[in-house]
Amino acid sequence: MANNKLTLLYFAAPGRAAVSRMILAYAGADYVNKTVDFTEFGKMKSSLPFGQLPTLTLEDGKVLCQSLTIARYLANRYHLAGHTEMCKAEADEAVDTLNDIQSKLFGVFFSTDKKAKMAECMPACESALKNLEKRLESRGGQHLAGNCLTWADLMLHGVVTLLCAVGGEDALKGCDKLKNLNERVGSIPNIKKYDATLQSS
Ligand SMILES: N[C@@H](CCC(=O)N[C@@H](CS)C(=O)NCC(=O)O)C(=O)O
């Protein structure tokens, strides 16, 4: 049986690998963070199971695709998926909501007129964040699922970072509990270290 090191393959940018890299950083996991540029991606595209990144290669050589599948696998592996079925479902619900927001923000990031695209996306992002704020409040205000840290909280931190990078921080107006949770996640030592890698890249 192959004995590869756990390897996450993606571009250097956080993008769709952000939540997986945060889970791995939080867990202090021993893994290979393999990055490629667009030329290298072009050469390997046809060999990738879905022609897309990210992928995660496990120790036995099996390859997982789809960013949220990879992140959910890692969350289960490193005990960040939630401790009960309901907590897992709550975390999944928050992750899907955050993924909807993230997809819109990627559209802004890659737009030539970021300001106009952000203005177009703002109502949907604001509304999703306000709904998530209500969910957070109804679940005790500390965590998005199960009153314990899950990958959903880490993903919130990644999405807020992206939101700020595209100039959309106003979408968090009135979401004080989400802002507070984001700050708490950002103050976790291993997440601080992860954030520092973004600033230096
Ligand atoms: N649903 C997929 C989407 C993956 C995706 O669109 N990946 C982009 C990079 S962020 C990609 O590989 N684009 C190149 C292509 O599709 O040719 C996921 O969440 O992993």
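This is a predicted model, so every value here is computed, not measured. Counting starts at 1 for both ligands and their atoms, in listed order. For the single chain, residues carry numbers from 1 onward in sequence order.
For CZ of F11, the number of neighbouring non-hydrogen atoms (other residues, nucleotides, ligands) closer than 6.0 Å is greater than 12.
If you look at ligand 1, the protein residues with a non-hydrogen atom under 4.0 Å away are Y10, F11, R16, F41, K45, G51, Q52, L53, P54, Q66, S67.
Closest approach of T161 to L198, counting heavy atoms only: CG2-CD1, 4.3 Å.
In this structure, the ring of Y26 has its center no less than 6.0 angstrom from the ring center of Y78.
Here salt bridge (Lys or Arg N to Asp or Glu O under 4.0 Å) pairs that include residues 121-148, with residues two or more places apart or in two chains, are E90-R139, E93-R135, E93-R139.
For the pair D92 and R72, the salt-bridge criterion is met [side-chain N within less than 4.0 Å of a carboxylate O]. Salt bridge annotation for E120-K114: absent, with no cationic side-chain nitrogen under 4.0 angstrom from a carboxylate oxygen.
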